Number of protein chains: 2
Amino acid sequence: MSDQTSSDALLFLTDEQLRQGIEAMFFAYRGFTADPDRILATMAYGRAHHRAVHFINRAPGTTVTNLLVILGVTKQSLNRVLRSLIEDGLVEARVGSADKRERNLYLTEKGAALERKLSDAQRNRMRAAYRAAGPQAVAGFRTVLEAMMDGDLRRRHQALKEGSP
Amino acid sequence: MSDQTSSDALLFLTDEQLRQGIEAMFFAYRGFTADPDRILATMAYGRAHHRAVHFINRAPGTTVTNLLVILGVTKQSLNRVLRSLIEDGLVEARVGSADKRERNLYLTEKGAALERKLSDAQRNRMRAAYRAAGPQAVAGFRTVLEAMMDGDLRRRHQALKEGSP
DNA sequence: CTTGGAATGTCAACAAGGCTGTCCTAAAGT
DNA sequence: ACTTTAGGACAGCCTTGTTGACATTCCAAG
């Protein structure tokens, strides 16, 4: 990827190609979130709740600080979401055993049910897209996404991948 | 998940693979919007203004209705954004010549300057990602994104692509 | 042991930007 | 003439981001 000195390999990097990539990313992200959004709209929840539930399911026992680093929001934003999830009995916050300042977060059975419902919808779309595009395209898709992340984001993403191999 | 009878080709469709794709999409989109967001934060504008400016630049003379279909927001949401852009002299709304009910939207020089600033930042990141991933990966990336869009979104996206070939 | 600072998390108040709903004008279409 | 369409204005709501002040807990230096 470094020494594409002359010409052929750079032909696809025209401004127009890049702009189409940008727009594709915009439209695709809309599709990507459309199904969960539809489900969430029928409840009193939004996308933020989805993200919280997703990552708590992914890393049970995680702390508030850890979660807000992953989500890239402030404590207060996350707190509001978390509070409603706890009040509604979807998430349980246990006082940390080692450090009592920490709260370890877990999904209740009810929370896990919502997570499944949301991620089933999202996975179905992802699966359809993957299947339509084929394995080779998927590999390329993943490669470009990785390259598009910031260093920090990429590290968080890698950590999650390795967490459940 | 239905007919993974024998086939090698479907091995990449495990739930774990799909989940990683979902998370990659989440983190990558954050990176994707990070640079423009940083620039916009220094002004009184947000992501909504960026989107409006982007698509007005892309399709000069577009109408309000057309724009809100592309952006997928309501008239009122768009109108608020548009009003501030017009007041600040970034966008010009000319009464339609054929149909005088319509307003044709154009960027002023000032608006075009902002658009360039924002899209330069975003294109730079896109270019870096494309370059790092290579042409084949980029082709796959585009294929999967297309497959991830809703039918409507895909049609809008195609129309934009063909609009400036 | 005490005390001061750092870390963890909560609460209050505010802004951006979505949404709905209603009402209005002007222009087109029938 | 009547209806439909394009657009704008206003009011109000919700979600989700922000900053700032505060309580609790831990830990380490004196």
Side-chain angles (χ1 to χ4, degrees), chain A residues 26 29-30 33-34 36-56 61-88 91-106 118, chain B residues 26 29-30 33-34 36-54 56 61-88 91-106:
Chain A
F26 171 69
Y29 198 77
R30 284 247 299 274
T33 57
D37 281 358
R38 252 189 301 275
I39 294 171
L40 289 158
T42 70
M43 322 181 193
Y45 296 132
R47 223 176 267 182
H49 299 83
H50 180 192
R51 294 197 283 260
V53 164
H54 175 100
F55 285 108
I56 293 173
T62 189
T63 62
V64 172
T65 298
N66 186 33
L67 196 54
L68 61 88
V69 167
I70 290 175
L71 296 177
V73 298
T74 57
K75 252 189 311 188
Q76 293 70 8
S77 251
L78 177 58
N79 199 263
R80 191 185 320 112
V81 167
L82 231 37
R83 202 185 328 167
S84 71
L85 289 173
I86 291 170
E87 274 169 11
D88 297 352
V91 168
E92 192 189 348
R94 296 182 207 151
V95 172
S97 51
D99 187 334
K100 286 179 186 161
R101 291 170 305 182
E102 296 182 338
R103 300 297 131 95
N104 297 113
L105 303 169
Y106 300 89
L118 293 173
Chain B
F26 170 68
Y29 197 77
R30 283 248 299 276
T33 58
D37 281 357
R38 252 190 301 276
I39 295 171
L40 290 158
T42 70
M43 321 178 193
Y45 296 131
R47 223 177 267 181
H49 299 83
H50 180 193
R51 293 196 284 260
V53 165
H54 174 101
I56 293 173
T62 189
T63 62
V64 173
T65 300
N66 186 33
L67 196 53
L68 59 87
V69 168
I70 289 174
L71 296 178
V73 297
T74 58
K75 216 178 12 167
Q76 293 75 3
S77 265
L78 178 58
N79 202 265
R80 197 183 337 172
V81 167
L82 229 39
R83 201 184 328 166
S84 71
L85 289 173
I86 291 171
E87 275 168 12
D88 298 352
V91 168
E92 192 189 349
R94 296 183 207 149
V95 172
S97 51
D99 187 334
K100 287 179 187 162
R101 293 171 304 179
E102 297 181 340
R103 300 299 132 92
N104 297 114
L105 303 170
Y106 300 90

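This one's a predicted model, so the numbers in the text were calculated from it and none came from an experiment. A note on names: the letters A, B, ... follow the listed sequences, proteins ahead of strands, and every chain is numbered from 1.
Put simply, CZ on Arg103(B) is 11 Å from P on dA26(C), counting in whole angstrom units. In this structure, Arg83(B) atom CZ and dG17(C) atom P are separated by 13 Å, rounded to whole Å. We find that CG of Leu68(B) is positioned 12 Å from P of dG18(C), with the value rounded to whole Å. Regarding Leu82(A), its CG atom lies at a distance of 7 Å from the P atom of dT10(C), rounded to whole Å. Per the geometry, CG belonging to Asn79(B) stands 17 Å off P belonging to dA16(C), to the nearest Å. Between the P atom of dA16(C) and the CG atom of Leu78(B) lies a distance of 17 Å, rounded to the nearest Å.
Relative orientation of the Tyr45(A) and His49(A) rings is tilted, given thresholds of 30° and 60° on the angle between their planes.
Residue Thr65(A) has its side chain nearest to dT8(C) when only dT10(C), dC19(C), dT8(C) are considered. Side-chain atoms of Arg80(A) lie closest to dA13(C) of the nucleotides dG9(C), dA13(C), dG18(C). Nearest nucleotide to the side chain of Gln76(B), out of dT22(C), dA28(C), dG17(C): dT22(C).
By the ring pair (Phe, Tyr, Trp, His ring centres under 6.0 Å) test, Tyr29(B) is found to be paired with Tyr29(A), Phe32(B), residues two or more places apart in sequence or in another chain being considered. Legend: residues meeting side chain to side chain contact (heavy atoms under 4.5 Å, CB included) with Thr63(A), ordered by chain and number and at least two apart, are Thr65(A), Asn66(A), Glu102(A), Asn104(A).
The outermost nucleotides of DNA chain D lying under 4.0 Å from heavy atoms of chain A, listed 5' to 3', are dT15(D) to dC26(D).
By the 4.5 Å heavy-atom criterion applied to side chains, Phe26(B) and His54(A) are not counted as neighbours. With contacts defined as side-chain heavy-atom distances shorter than 4.5 Å, the pair Phe55(A)/Leu71(A) qualifies. Residues Leu105(A) and Leu82(A) meet the side-chain proximity criterion, which asks for heavy atoms closer than 4.5 Å.
Backbone-only engagement by His49(B) is indicated by non-hydrogen atom pairs under 4.0 Å involving sugar-phosphate atoms exclusively. Residue Ala52(A) is classed as having no contact, given no heavy-atom separation below 4.0 Å to the nucleic acid. Among the atoms of the strands shown, only primed sugar atoms or phosphate atoms (P, OP1, OP2) are found under 4.0 Å from some heavy atom of Gly72(B).
For a distance-only test at 3.5 Å, the side chain of Arg101(A) qualifies as a donor-acceptor partner of the base of dA7(C).
In terms of phosphate contacts, Ser77(B) brings a side-chain nitrogen or oxygen within less than 4.0 Å of OP1 or OP2 of dC19(C).
Of the two residues contacting DNA chain D, namely Lys75(A) and Asp99(B), the nearest-nucleotide position lying further toward the 5' end is that of Asp99(B).
The line from CG of Leu118(A) to NE2 of His50(A) is 4.5 Å long, rounded to the nearest 0.5 Å.
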